[in-house]
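Notes for the one structure printed next.
Chain identifiers are assigned alphabetically (A, B, ...) following the order of the sequence lines, protein sequences preceding nucleic acid strands; residue numbering begins at 1 within each chain.
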Amino acid sequence: MKKYFFAPLLLISINVLAGLPKTDSTKKNITDDNAGLTLPSNFSAIKIADGLGVARHIVVTPQGEVYVKLNFNKRSKYKNAILHLIDTNGDGIIDSIQPIGNYAGTGIAIKNGYLYASSDEEVFRYKLNEKNQIIHPNNPEKIIIGLLNRGEHESKSITLDNNGNIYVNIGAYSNSCQEKDRQTGSMGMKPCPILDSAGGIWMFKVDKQNQTYKDGTRYATGLRNVVGLDWNTQTNTLFVMQHGRDQLHDIFPEMFTTKQSAELPAECMYEIRKGDNAGWPYIYYDNFVNKKIIAPEYGGDGKKTTTNYINPAIAFPAHLAPNGLLFYTGNQFPEKYKNGAFIAFHGSWNRAPEPQEGFYVVFVPFKNGKPTGKWEVFANGFAGKTVITSSRDAAHRPCGLAQGADGSLYVSDDTKGTIYKITYNK
Amino acid sequence: MKKIFIVTLLIITTFFFVLAQQPNSIQQSVMRGKIVYTKYCLSCHQADGGGVPKLNPPLTVEEYINDKNKMIQIVLKGMTDRIAIDDEEYSNNMAPHNDLTNQQIADVLTYVRNSFGNNAGAVTVAEVQAVRNKK
């Protein structure tokens with residue numbers, strides 16, 4: 001008990017040492033232009049916080065407090081694992097920012113009295129009190145350790161089911177499993193040796209400490225890199241968004257034009273069941289012919305198809321970089337949004353010489369646990385301009401999504417560290 | 001007199017001919033280098049050389065731009081190290097481009113060193129060959 005006694009004191013001293021203001025006045029963020037976003041009618045948006053840095057995934061507690069998982073570098077203002085954001089005076093804008101921990105990363109989740117957060121190698125969990133606030137900010141349990149991080153597709157996104165399991169993405173440290181990564185003409189390794197420890201989703205227990213690969217299960221394979229994933233409580237299955245491969249033209253210039261390279265392959269949503277294989281690196285999905293195409297590294301010619309591997313639940317245009325996935329279960333938005341999926345597209349970098357694309361939040365209507373096939377841009381304008389040549393030109397890039405207890409939708413931006421709150425007004 | 005005139009004309013013509021054929025005048029090298037850049041570099045490093053945050057580094061960091069040997073070596077051998085450039089780490093691997101000719105590498109680096117706000121002079125074929133010889 002005694003050591004817990006000092007935790008709040010420690011937190012305060014961290015604030016003092018880091019020279020961080022305990023409160024930030026962000027009232028200036030209230031504007032009547034929907035924070036620069038374009039939304040369907042009767043929706044509105046505000047910036048509840050700004051300037052947080054590389055704000056990756058987010059969660060909102062039933063009390064309306066926000067936990068933001070941060071990535072950071074030497075120059076970042078906050079070199080913290082998590083920021084705990086509170087609106088202490090009830091004006092809707094965050095006025096208290098509590099930094100927690102010091103590991104960079106992407107994944108965060110909240111469930112049954114615990115907050116889960118990941119570095120690029122480990123997953124931690126923090127016990128929450130009855131107000132859903134972290135009890136011991138400096139003493140998380142380490143539940144998973146030793147996950148592969150080779151500096152490419154390194155983020156470990158997480159989601160939980162209702163049976164005490166946590167699902168962790170371990171991205172492949174490669175574009176297409178070539179013998180020489182991204183080299184023109186280099187063929188694929190057979191079988192791809194990366195898949196034993198990456199390029200898939202691993203399942204672990206939520207309540208066991210220090211689990212390593214041998215304690216987990218490779219739940220699904222053949223997924224190049226997943227950043228956005230969510231457990232669908234209606235179907236009771238895992239859904240993931242894959243970042244599709246890059247550079248078909250650069251690697252096989254005789255086979256693919258720059259335009260084909262910009263428009264292929266699709267970014268796919270998969271519904272995952274235990275043991276599924278989505279086919280990376282051996283195939284990619286062509287959303288123009290709606291077929292699984294053999295990758296050129298594995299003898300494909302841009303046309304040869306296969307019926308092996310699972311089909312996507314729905315496919316999106318190439319390279320949009322889906323970083324957040326959220327099934328909407330709230331009651332605030334109109335009926336059509338119920339149980340549908342929101343996707344935060346980070347925006348492309350590799351459609352040159354075509355303009356870059358993405359930088360918006362999409363809505364995918366679902367019926368009986370399946371996408372209806374039509375999707376729409378829900379929130380646009382994050383980038384601040386319409387034609388983006390380089391992803392660096394985008395002012396904000398959507399990354400994480402969360403649902404508030406009142407049914408509001410929260411979106412994080414990892415370029416400037418803005419947190420948006422989107423509400424529906426009847 | 002006529003002889004002198006012809007000789008002079010010949011000398012002048014030769015001079016301009018040589019000048020026109022001079023493969024490494026900076027402007028010409030930059031022009032050729034831009035074609036090489038568009039084909040082999042642009043998709044990752046972008047049209048403005050600014051790169052992609054967290055993925056592909058910008059080609060405007062002086063520490064690299066001013067170091068010809070380092071640049072030649074990166075083009076020849078690629079780059080898979082996860083090192084911080086200007087405090088930011090970049091996670092995409094760069095493939096080696098040792099199949100490019102010395103002239104193409106000299107041209108593309110001359111283009112990069114004289115574009116995107118850089119002003120660092122030319123890279124010559126001999127300099128590329130020297131780094132290639134070192135292995």
Looking at A:Lys74, is its backbone amide N or carbonyl O close enough to the side chain of A:Lys79 to form a donor-acceptor pair, meaning the two atoms are under 3.5 Å apart? yes
Cut-off 4.5 Å, heavy atoms of chain A, and the answer for B:Pro58 is neither
Cut-off 4.5 Å, heavy atoms of chain B, and the answer for A:Asn175 is neither
| request: Determine, for A:Arg56 against A:Asp414, whether the closest basic-nitrogen to carboxylate-oxygen distance falls under 4.0 angstrom. | output: yes
>> Pairing donors with acceptors under 3.5 angstrom, does anything connect the side chains of A:Ser186 and A:Glu179?
In response: no
One option among A:Ala352, A:Ser391, A:Ser390 has the most heavy-atom pairs under 4.5 Å with chain B, and it is A:Ser390
Looking only at A:His153, A:Arg150, A:Arg397, most heavy-atom pairs under 4.5 Å shared with chain B are made by A:Arg150
Cut-off 4.5 Å, heavy atoms of chain A, and the answer for B:Glu88 is both
Okay, B:Asp87 and chain A: the region with an atom under 4.5 Å from a heavy atom over there is both
Turns out that what part of A:Gln178 lies under 4.5 Å from chain B's heavy atoms comes down to neither
Are B:Tyr37 and B:Tyr111 an aromatic pair, judged by ring center distance below 6.0 Å? yes
Whatever's closer than 4.5 Å to a heavy atom in chain A on B:Lys54 counts as side chain
When the 4.5 angstrom heavy-atom criterion is applied to A:Asp181 and chain B, the contacting part is both
Interface check, chain A: of B:Ala47, B:Ala84, B:Pro53, B:Pro96, most non-hydrogen pairs under 4.5 Å belong to B:Pro96
The side chain to side chain contact (heavy atoms under 4.5 Å, CB included) partner of B:Arg32 among B:Gln27, B:Gln104, B:Gln103 is B:Gln103
Max heavy-atom pairs within cutoff under 4.5 Å with chain A, candidates B:Thr38, B:Asp99, B:Asn56, goes to B:Asn56
Pair A:Asn149, B:Arg82: side-chain N/O donor-acceptor within cut-off below 3.5 Å: no
Counting only heavy atoms not in A:Lys416, do more than 12 fall under 6.0 Å of its NZ? yes
* To do: Ignoring hydrogens and angles, state whether a donor on the side chain of A:Ser157 or A:Asn169 is under 3.5 Å from an acceptor on the partner side chain.
  => no
Whatever's closer than 4.5 Å to a heavy atom in chain B on A:Arg351 counts as neither
